[in-house]
Amino acid sequence: MFDIISILKDELPRFKKVLELGSKKGEDLKTLDGYYEVIASENEKVKTRYLKDEFIDIRVILLDVITVDTHKKVDCIYSKNSFDSFDLSQINESLKNQKKILNENGLIFHIFDLEKNDKNEILTLINSDYEIIKSDSNEKQFYVLAKLIDFNQ
C-alpha cells in the first residue's frame, strides 16, 4: 500500500484539482479529498450513482478511462488499478487523452498491479509524453508519478 498523499504533496500543492479515474467504491476518495479538490469518476451510471450517494460533497462524473472525454481541466490525474484489464495500446491511448485535460505542469499518478502489467513497458509508454518524477514498487504493485512534458501538444 502506498501513501498517496506523501507521494503527491511534494509535487502538487494542497487544494489543487485531482481527477480520480475509476474511483470504484471510493477507497481513496476520502484520503484525496482531505488534501485536494477531488473529482471522482466511473464509467457506468450505476457506479456514479453509488459514489454520489456515498460521497455527497465530492463531484462525481461519468467518464471512460480510455477516452477521458471531459471538458474539465485538472492539475493531476490519479488512478489505482484502473488500467489492469486493458492492453498496452489502450493504456497508451488513455495516456495521450489525459494530456488534453491536464493544466500546465499537470501530473499523472497511476498505480498498477505487477501481475497484470509489465512495469518497464508502462514506464516506456509514460516516458514518451511525460517526465517521470517518481516510480517505486512493492511486492504487488508499482506506481508512476510523472509531469506533462509539452503542455501545448
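Quantities reported herein were computed from a predicted structural model and do not represent experimental measurements. Side chains included, hydrogens not; waters and symmetry mates left out as well; all remaining heavy atoms used.
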Check your understanding: If you round to the nearest 0.5 Å, how far is CG of Leu123 from CG of Asn117?
Key -> 10.5 Å
Point to revise | Within 6.0 Å of NZ in Lys134, more than 12 heavy atoms from elsewhere | key: yes
Exercise for review: Take Lys96 and Glu93 through the salt bridge (Lys or Arg N to Asp or Glu O under 4.0 Å) test and state the conclusion after the steps.
Suggested key: CA-CA 5 Å; Lys96 301 256 183 240; Glu93 182 182 346; over 6 Å; no
Review point. Atom NZ in Lys116, atom CG in Asn81: separation rounded to 0.5 Å?
Key: 7.0 Å
Review point. What is the distance from atom CG of Leu21 to atom CD1 of Ile39, rounded to the nearest 0.5 Å?
Key: 10.5 Å
Check your understanding: CG/Leu107 to CG/Leu102 distance, rounded to the nearest 0.5 angstrom?
Key -> 8.0 Å
Practice item. Could you tell me whether the side chain of Glu42 reaches within less than 4.5 Å of the side chain of Lys24, counting heavy atoms only? Key: yes
Review point. His110 and Tyr143: aromatic ring centres closer than 6.0 Å?
Key: no
Check your understanding: Looking at side-chain heavy atoms only, is the closest gap between Glu20 and Ser79 below 4.5 Å?
Key -> no
**Study point:** Heavy-atom side-chain contact between Val68 and Ile101 under 4.5 Å
**Key:** yes
Exercise for review: Among Val144, Ile122, Leu145, find the one that has a side chain to side chain contact (heavy atoms under 4.5 Å, CB included) with Ser135.
Suggested key: Val144
Review point. So with a 6.0 Å cut-off around CD of Glu27, is the heavy-atom count from everything else above 12?
Key: yes
**Study point:** NZ/NE/NH1/NH2 to OD/OE distance under 4.0 Å, Asp129 and Lys99
**Key:** yes
Check your understanding: Is the NZ atom of Lys25 crowded by more than 12 outside heavy atoms at less than 6.0 Å?
Key -> no
Review point. About how many Å separate CD1 of Ile77 and CG of Leu95, when rounded to the nearest 0.5 Å?
Key: 9.0 Å
Practice item. Measure the spacing between CG of Leu125 and OG of Ser94 and express it to the nearest 0.5 Å. Key: 10.5 Å
Point to revise | Ile126 and Thr124, any side-chain heavy atoms less than 4.5 Å apart | key: no
Check your understanding: Under 4.5 Å between side-chain heavy atoms, hopping through other hydrophobics if needed: is there a path connecting Ile132 to Leu12?
Key -> no
**Study point:** Close side-chain approach of Cys76 and Tyr36, heavy atoms under 4.5 Å
**Key:** no
Review point. Does the side chain of Asn138 reach to within under 4.5 Å of the side chain of Phe2, using non-hydrogen atoms?
Key: yes
**Study point:** Side-chain touch Asp64/Asp69, heavy atoms, less than 4.5 angstrom
**Key:** no
Point to revise | same_hphob_cluster(Leu51, Leu32) at 4.5 Å side-chain heavy-atom cutoff | key: yes
